[in-house]
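Below: the structure, in structure tokens.
Every number for a ligand or one of its atoms is a count from 1 in the order of the listing.
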Amino acid sequence: MHVVVNAAASADGKLSTRRREQVEISGSDDFARVDRLRATSDAVLVGVGTVLADDPHLTLDDPSRRQEREARGDPRNPARVVVDSSGRTPLDARILDDEATTYVVVADETTATRKAALEDAGAEVLVAGDEQVSLPEALAKLDERGVDDLMVEGGGEIIYSLFAAGLVDELSLYVGSLVIGGRDAPTVADGPGFVESFPRLSLREVTHIDDGVLLQYDVMGRPEEQ
Ligand SMILES: NC(=O)c1ccc[n+]([C@@H]2O[C@H](COP(=O)([O-])OP(=O)(O)OC[C@H]3O[C@@H](n4cnc5c(N)ncnc54)[C@H](O)[C@@H]3O)[C@@H](O)[C@H]2O)c1
Ligand SMILES: Nc1nc(=O)c(N)c(NC[C@H](O)[C@H](O)[C@H](O)COP(=O)(O)O)[nH]1
């Protein structure tokens, strides 16, 4: 499986404000690029924090891209994936509508009642890990279901965990021309942070888009893993 993390950050590296409300960091050209990237992915993954904060839909905006996917025998939208250890995805979340297959990946501790409620609301529930979702197991289950190209759209906790597990192949980071600030505002990679061995990136391309810059990196891995 090939995993691309895509995120939009302010010049100071924040994904949103301390209130965790969505901020328009990029502009229309970058949103069109994100739509193109979604169109070439088999699934789009977010953490439940992003579902609770943004209630994203994660489908394709451009109808011609849906038609192109259908013409080549793919579902019209990529599948949607929520990493959600205890099944906190709201039953009326937009990602649970019938526009695409939605996998909610929970940990074993999630009750059977909650799993059944998520399934009734339209999710396909996958179990990976005991107390917290095990990302290697989750991605292996998605792989079994035909997900070869996975796009990750945040947020900061899930992005950190994917880097920590050595599961990221590429990072596409749009850096917008604004400062958000705030020690409690989410950044591109949160979690506990790395202290000795850091994932190393190789900068492949720099593109000026809207009023900001897109940085495209290949992930080289953490030093002891190379
Ligand atoms: N600018 C952007 O590109 C962008 C994209 C997505 C989200 N956001 C912003 O990011 C914020 C949400 O990010 P976040 O970091 O709070 O949430 P997140 O989306 O990273 O979800 C994190 C949650 O996932 C669950 N989880 C389950 N298994 C996990 C694991 N193995 N590792 C880590 N988490 C696991 C936990 O409940 C955790 O709290 C919001 O403010 C949203 O607006 C911005
Ligand atoms: N490219 C980009 N520029 C931004 O300025 C910004 N705030 C995001 N944020 C991404 C985040 O993942 C959003 O939740 C989804 O972009 C919402 O997706 P929908 O439109 O609901 O499908 N992404």
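The distance from ligand 1 to the heavy atoms of S16 drops below 4.0 Å at these ligand atoms: 40 (C), 41 (O), 43 (O). Less than 4.0 angstrom separates some heavy atom of E153 from each of these atoms of ligand 2: 12 (O), 15 (C), 16 (O). Ligand-side atoms of ligand 1 in range of P186: 11 (C), 41 (O), range being under 4.0 angstrom from any heavy atom. Within ligand 1, the atoms closer than 4.0 Å to a non-hydrogen atom of T50 are 6 (C), 7 (C), 12 (C), 13 (O), 17 (O), 18 (P), 19 (O), numbered from 1 in the order shown. Below 4.0 Å from some heavy atom of V34 lie the following atoms of ligand 2, by number and element: 1 (N). For ligand 1, the atoms closer than 4.0 angstrom to any heavy atom of A53 are 40 (C). Applying the 4.0 Å criterion to heavy atoms of R94 picks out, from ligand 2, the atoms 21 (O). With ligand atoms numbered from 1 in the order given, ligand 2 contributes 4 (C), 5 (O) to contacts under 4.0 Å with heavy atoms of I25. Atoms of ligand 2 found under 4.0 Å from any heavy atom of P56 (numbered from 1 in listed order, with element): 14 (O), 17 (C), 18 (O), 21 (O).
Between A128 and V105 the shortest heavy-atom distance is CB-CG1, 3.9 Å. The shortest non-hydrogen separation linking P78 to L60 is CD-CG, 4.0 Å.
The N/O atoms of D55, backbone and side chain alike, include none that comes under 3.5 Å of an N/O atom in ligand 2. Polar contact check, D54 against ligand 1: a nitrogen or oxygen pair lies under 3.5 Å apart. For ligand 2, none of its N or O atoms has an N or O atom of R33 under 3.5 Å away. Considering backbone and side-chain N/O of H57, one or more are found under 3.5 Å from N/O of ligand 2. The distance criterion of under 3.5 Å between nitrogen or oxygen atoms is not met by E24 with respect to ligand 2. An N or O contact shorter than 3.5 Å links V23 to ligand 2 by distance. Taking distance alone, with nitrogen or oxygen atoms compared against 3.5 Å, L58 approaches ligand 2 more closely than that limit. Residue N6 places no N or O, backbone or side chain, under 3.5 Å from any N or O of ligand 2.
Between the side chains of N6 and R33, at least one donor N or O sits under 3.5 Å from an acceptor N or O. No side-chain donor from either of D210 and S26 sits under 3.5 Å from a side-chain acceptor of the other.
Residue D54 touches ligand 2 through its side chain alone, judged by heavy-atom distances below 4.0 Å. Residue contacts with ligand 1, taken as heavy atom pairs separated by less than 4.0 Å, involve E157 via backbone and side-chain atoms alike. At a heavy-atom cutoff of 4.0 Å, ligand 2 is contacted by the side chain of A8 but not by its backbone. With a heavy-atom cut-off of 4.0 Å, E153 touches ligand 1 through its backbone alone. Under 4.0 angstrom from ligand 2, there are no non-hydrogen atoms of Y174. When non-hydrogen atoms are compared, ligand 1 lies under 4.0 Å from the side chain of L135 (C-beta onward) but not from its backbone. Residue V48 touches ligand 1 through backbone and side chain together, judged by heavy-atom distances below 4.0 Å.
Between the side chain of R80 and the main chain of H57, a donor-acceptor pair closer than 3.5 Å is present. Side-chain atoms of K141 come within 3.5 Å of backbone N or O of V127 as a donor-acceptor pair. Proximity of a side-chain donor or acceptor of S41 to a complementary backbone N or O of L37 within less than 3.5 Å is detected.
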task = Please test F194 against F163 for ring pair (Phe, Tyr, Trp, His ring centres under 6.0 Å), starting from the C-alpha separation and ending with a verdict.
result = CA-CA 10 Å; F194 301 105; F163 272 110; 7.4 Å; no

task = Evaluate the side-chain contact (heavy atoms from CB on, under 4.5 Å) criterion for residues M1 and V3: first the C-alpha distance (whole Å), next the side-chain angles of each, then the deciding distance (0.1 Å), finally the verdict.
result = CA-CA 6 Å; M1 182 190 288; V3 179; 4.0 Å; yes

task = Evaluate the criterion side-chain contact (heavy atoms from CB on, under 4.5 Å) for residue pair E124 and T101; output intermediate values, then yes/no.
result = CA-CA 7 Å; E124 194 166 320; T101 300; 4.2 Å; yes

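Contact annotation: V46 has no heavy atom less than 4.0 Å from any atom of ligand 1. Under a 4.0 Å heavy-atom criterion, R38 is in contact with ligand 2.
Within a 4.0 Å radius of atom 12 (C) of ligand 1, the protein contributes one or more non-hydrogen atoms.
Among A165, S26, G155, the residue whose heavy atom sits closest to atom 10 (O) of ligand 1 is G155.
In R18, the CZ atom is not crowded: 12 or fewer heavy atoms of neighbouring residues, nucleotides or ligands sit closer than 6.0 Å. Counting heavy atoms of neighbouring residues, nucleotides and ligands inside a 6.0 Å radius, atom CZ of R72 exceeds 12 of them.
Looking only at heavy atoms of the protein, atom 13 (C) of ligand 2 is closest to Q22 NE2, 3.3 Å.
Taking a cutoff of 4.0 Å between a charged side-chain nitrogen and a carboxylate oxygen, R94 and E99 do not qualify as a salt bridge. Classification of R66 and D35 as a salt-bridged pair fails, no side-chain N sitting under 4.0 Å from a carboxylate O.
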